[in-house]
A.B. asks: 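Okay, handing you the structure first.
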Amino acid sequence: MVLKTRVTEMLGIEHPVIQGGMHYVGYAELAAAVSNAGGLGLITALTQPSPDALREEIRKCKKLTSKPFGVNLTLLPALAPPDYPAYAQVVIDEGIKIVETAGRSPDEFIKLFDKHGVIVIHKCTQIKHAKTAARLGAKIISLDGFECAGHPGEKDIGNYVLAARGREELDVPFVVSGGVSNGFQLAAALALGAEGVNCGTRFMATKEAPIHDNIKQALVKGDENDTTLIFRSLNNTERVFKNTTSAKVVQIEKEKPGDFQAIRPYVRGENYRKSFQETGNTDDSCWSCGTVMGLIHDVPTCKELIERMAPSASPRSGACNRGSEPCGARSQASTFEFGRQAPRDTPRRVTSTARPRNCLTLASGVAVRARDALPRTLEV
């Protein structure tokens, strides 16, 4: 069974699952593995030390997959900003057709990519920013809820409200980003009006993620209470793993609010890189991860993860284990479509031709096997 949304059609992917950009994680190996599994993999541009290095990473990914993949370009405040235009030009020169933008003042780059026929997925934390991005040329919006890893914005709006507001306000398709780990959440995102999901932290805990196994195991052992927020006093909030280093940063910010130099030694990007790529020390750097840790119980391959998140035509057991929640169920229908232009306030009924027991069938037509679900139909 194929779950078809405007997002899958626009991006040329099989499943509405995107692997978001992640610093020191989003390399060619992971992007290719996600794309080969039917999702959309993304290379993180600024993880590469130079535009030329990004070019080589893109070419490496092309050798690893023939499926669509993209590049993430995040624009954040920095003491010495990278050469964003040069990175953007590499993306264009290498023929990349999908870019995820994020961060502040992306106007110039959204317009640039749109001019060259690149599909822009803009990640943002507020509806007003999403509407602006769409007006500038972004074709898909990634709504990043407060649950997310990295930068959740300064308004602290969770996905349950943010996605519903997206359905009310946005004319372009959007995906839910932040806190997503399993098929139940994908189904919930679709029910709220989204046409896919974006996952970051969950893909860190996969076999192909090119980071130290200690980091992956920390995600498995952690739960939803094991993150903290830094940079609050700088109005550049970041959600990171809760450890002695991030606790020290939080304390310094309380004592010296807004003083970046006081915390700079503890938040250096090089510390982050060493933890992920060399030492595996989970305690001596500030590294991004999300509250979704509470839903991470194993380290599967990207293919295994996406197949159990997205609807599948293969028969599945009704039992759901902690680490492998099957999403999807047998159906006589081969394709379901979602995201057509139904009035926002009009309930949409099921169009599937068969529904097994113990499934919730969404108005999108997606049958989702749930642990204790009654055989009934939801209307959204």
A.B. asks: Name all residues meeting the side chain to side chain donor-acceptor pair (under 3.5 Å) criterion together with Gln217; count only those two or more places apart in sequence or in a different chain, and write none if there are none.
C.D. replies: none

A.B. asks: Would a distance-only check, ignoring hydrogens and angles, find a side-chain to backbone donor-acceptor pair under 3.5 Å from Ser181 to Leu295?
C.D. replies: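 Yes: the side chain of Ser181 pairs with the backbone of Leu295.
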
A.B. asks: Side-chain heavy atoms under 4.5 angstrom apart, residues restricted to Ile, Leu, Val, Met, Phe, Trp, Tyr: same cluster for Val90 and Ile110?
C.D. replies: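 In one cluster with Val90: Ile110, yes.
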
A.B. asks: Counting C-beta onward and ignoring hydrogens, is there a side-chain heavy-atom pair between Glu238 and Cys286 closer than 4.5 Å?
C.D. replies: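 A side-chain contact under 4.5 Å is absent here.
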
A.B. asks: Which of parallel (below 30°), tilted (30 to 60°) and perpendicular (above 60°) describes Phe113 and Phe109?
C.D. replies: tilted

A.B. asks: Name the orientation class of the two ring planes belonging to Phe241 and Trp287 (parallel below 30°, tilted from 30 to 60°, perpendicular beyond 60°).
C.D. replies: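 Phe241 and Trp287: parallel rings.
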
A.B. asks: If you look at every heavy atom in Gly150 and Pro152, which pair is closest and at what distance?
C.D. replies: O-CD, 3.0 Å

A.B. asks: Could you tell me if the side chain of Ile140 sits less than 4.5 Å from the side chain of Val172, heavy atoms only?
C.D. replies: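 Sidechains of Ile140 and Val172: no contact.
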
A.B. asks: Test salt bridge (Lys or Arg N to Asp or Glu O under 4.0 Å) on Glu168 and Arg165; report intermediate values, then the result.
C.D. replies: CA-CA 5 Å; Glu168 288 184 342; Arg165 287 284 290 131; 3.0 Å; yes

A.B. asks: Do any side-chain atoms of residues 38-53 form donor-acceptor pairs under 3.5 angstrom with protein atoms, and if so which ones, sequence neighbours left out?
C.D. replies:
unit_1, atom_1, unit_2, atom_2, d
Thr44, OG1, Met22, N, 2.8
Thr44, OG1, Met22, O, 3.0
Thr47, OG1, His23, ND1, 3.2
Thr47, OG1, Tyr24, N, 2.8
Ser50, OG, Ala53, N, 3.1

A.B. asks: Indicate yes or no: at least one non-hydrogen side-chain atom of Glu208 is less than 4.5 angstrom from one of Thr301.
C.D. replies: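 They are in side-chain contact.
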
A.B. asks: Run the side chain to side chain contact (heavy atoms under 4.5 Å, CB included) check on His212 and Asn281 step by step: do they pass?
C.D. replies: CA-CA 9 Å; His212 199 287; Asn281 190 319; over 6 Å; no

A.B. asks: Hey, are Thr291 and Glu147 close enough side-chain-wise for a donor-acceptor pair under 3.5 Å?
C.D. replies: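 Thr291 and Glu147 do not have a side-chain donor-acceptor pair below 3.5 Å.
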
A.B. asks: Any side-chain heavy atom of Thr244 sitting closer than 4.5 Å to one from Lys248?
C.D. replies: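 The answer is no; the side chains never approach within 4.5 Å.
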
A.B. asks: Between Lys97 and Ile119 (side chain of the first, backbone of the second, donor and acceptor by atom type, cut-off under 3.5 Å), is there such a pair?
C.D. replies: no

A.B. asks: Please identify which of these residues, Glu94, Glu56, Glu57, meets the salt bridge (Lys or Arg N to Asp or Glu O under 4.0 Å) condition with Lys62.
C.D. replies: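 Option passing the salt bridge (Lys or Arg N to Asp or Glu O under 4.0 Å) with Lys62: Glu94.
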
A.B. asks: Is a donor on one side and an acceptor on the other found under 3.5 Å between the side chain of Thr201 and the backbone of Cys289?
C.D. replies: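 Judged by distance alone, no pair lies under 3.5 Å.
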
A.B. asks: Applying side chain to side chain donor-acceptor pair (under 3.5 Å), name anything that partners Glu270, two or more places apart in sequence or on another chain.
C.D. replies: Arg273

A.B. asks: Under the side chain to side chain contact (heavy atoms under 4.5 Å, CB included) rule, what do Leu192 and Val176 come out as? Steps first, then yes or no, please.
C.D. replies: CA-CA 9 Å; Leu192 285 167; Val176 166; 5.7 Å; no

A.B. asks: Is the shortest side-chain heavy-atom distance between Thr282 and Ile215 below 4.5 Å?
C.D. replies: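 Heavy-atom side-chain distance check passes, below 4.5 Å.
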
A.B. asks: If I take atom NZ from residue Lys131 and atom CD1 from residue Ile141, how far apart are they, to the nearest 0.5 angstrom?
C.D. replies: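 The NZ atom of Lys131 sits 11.5 Å away from the CD1 atom of Ile141.
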
A.B. asks: Which heavy atom in Asn214 sits nearest to a heavy atom in Thr279, and how many Å separate them?
C.D. replies: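 Here Asn214 and Thr279 meet closest at ND2-O, 4.3 Å.
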
A.B. asks: Is it true that Asn271 and Ser285 share a donor-acceptor pair across their side chains at a distance under 3.5 Å?
C.D. replies: no

A.B. asks: Donor-acceptor pair, distance only, cut-off 3.5 Å: does the side chain of Thr65 make one with the backbone of Cys61?
C.D. replies: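 Not a single qualifying donor-acceptor pair exists.
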
A.B. asks: Can you check whether Asp144 reaches His151 side chain to side chain, under 4.5 Å on heavy atoms?
C.D. replies: no

A.B. asks: Between Phe174 and Leu162, does the side chain to side chain contact (heavy atoms under 4.5 Å, CB included) criterion hold? Intermediate values first, please.
C.D. replies: CA-CA 11 Å; Phe174 69 92; Leu162 196 59; over 6 Å; no

A.B. asks: What I'd like to find out is whether the side chain of Val267 reaches to under 4.5 Å of the side chain of Tyr272, using heavy atoms alone.
C.D. replies: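 Not touching, per the 4.5 Å side-chain cut-off.
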
A.B. asks: Evaluate whether atom NZ of Lys242 has more than 12 neighbouring non-hydrogen atoms of other residues, nucleotides or ligands under 6.0 angstrom away.
C.D. replies: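 Enclosed.
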
A.B. asks: Applying the 4.5 Å side-chain criterion to the ILVMFWY set and letting contacts propagate, would Leu75 and Phe260 be lumped into a single cluster?
C.D. replies: no

A.B. asks: Give, for atom CG of Leu64 and atom OH of Tyr27, the distance between the pair rounded to the nearest 0.5 Å.
C.D. replies: 15.0 Å

A.B. asks: Spell out, yes or no, whether Leu11 and Ile92 are grouped together once hydrophobic residues are joined by side-chain heavy atoms under 4.5 Å, including indirect joins.
C.D. replies: no

A.B. asks: Using a 3.5 Å distance criterion without hydrogens, assess whether the side chain of Thr245 forms a donor-acceptor pair with backbone atoms of Asp283.
C.D. replies: yes

A.B. asks: Within the side chain of Lys216, is there an N or O that forms a donor-acceptor pair under 3.5 Å with the backbone of Lys207?
C.D. replies: yes

A.B. asks: Minimum heavy-atom separation for Lys256 and Ala262, please, with both atom names.
C.D. replies: CD-CB, 3.9 Å

A.B. asks: Would Val118 and Leu54 show up in the same hydrophobic cluster when neighbours are defined by side-chain heavy atoms closer than 4.5 Å?
C.D. replies: yes

A.B. asks: Using the side chain to side chain contact (heavy atoms under 4.5 Å, CB included) rule, take Phe69 and Ile96 through it: C-alpha gap first, then chi angles, then the decisive distance, then the call.
C.D. replies: CA-CA 8 Å; Phe69 69 92; Ile96 296 298; 3.7 Å; yes

A.B. asks: Test salt bridge (Lys or Arg N to Asp or Glu O under 4.0 Å) on Lys123 and Glu100; report intermediate values, then the result.
C.D. replies: CA-CA 7 Å; Lys123 183 184 289 184; Glu100 177 190 62; 3.5 Å; yes

A.B. asks: Do Cys302 and Gln19 come close enough that some side-chain heavy atom pair is under 4.5 Å?
C.D. replies: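 Side-chain contact under 4.5 Å: no.
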
A.B. asks: How far apart are the closest heavy atoms of Asn198 and Ser142, and which atoms are they?
C.D. replies: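 Result for this residue pair: CB-OG, 3.9 Å.
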
A.B. asks: Closer than 3.5 angstrom, by distance alone: can the side chain of Ser246 be matched with the main-chain N or O of Asn243 as a donor-acceptor pair?
C.D. replies: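 At least one qualifying donor-acceptor pair exists.
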
A.B. asks: Considering non-hydrogen atoms only, spot the tightest contact between Gln277 and Pro210 and give its length.
C.D. replies: NE2-O, 3.0 Å

A.B. asks: One thing to verify: whether Asp298 and Arg202 come together as a salt bridge, which I'm taking to mean a side-chain N less than 4.0 angstrom from a carboxylate O.
C.D. replies: yes

A.B. asks: Quick check on the hydrophobic clustering: are Leu3 and Met10 connected, directly or via other members, by side-chain heavy-atom contacts under 4.5 Å?
C.D. replies: no

A.B. asks: Got a second to check how far Lys254's NZ is from Arg232's CZ, nearest 0.5 Å?
C.D. replies: 12.5 Å

A.B. asks: Would you check if the side chain of Glu195 reaches a backbone N or O of Thr5 as a donor-acceptor pair within less than 3.5 Å?
C.D. replies: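 Answer holds: no.
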
A.B. asks: If you take all heavy atoms of Leu234 and Gly258, which pair is closest and at what distance?
C.D. replies: CD2-O, 3.5 Å

A.B. asks: Looking at Phe146, does the NZ or CZ of Arg239 lie under 6.0 angstrom from its six-membered ring centre and within 45 degrees of the ring axis?
C.D. replies: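 Because its charged atom sits under 6.0 Å from the ring centre and within 45° of the axis, Arg239 does stack over Phe146.
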
A.B. asks: Roughly how far, to the nearest 0.5 Å, is the CD atom of Glu14 from the CG atom of Asn36?
C.D. replies: 11.5 Å

A.B. asks: Determine whether a donor-acceptor pair (N or O, by modelled atom type, separation under 3.5 Å) exists between the side chain of Asn182 and the backbone of Gln185.
C.D. replies: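 Indeed, once roles are kept as given, a pair shorter than 3.5 Å links the two residues.
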
A.B. asks: For Lys4, does its backbone N or O pair with a side-chain atom of Thr8 as donor and acceptor, under 3.5 Å?
C.D. replies: no

A.B. asks: Find the distance between CG (Asp93) and NE2 (His116) and round it off to the nearest 0.5 Å.
C.D. replies: 8.0 Å

A.B. asks: Which distance, rounded to the nearest 0.5 Å, do you find between the NE2 of His129 and the NZ of Lys155?
C.D. replies: 8.5 Å

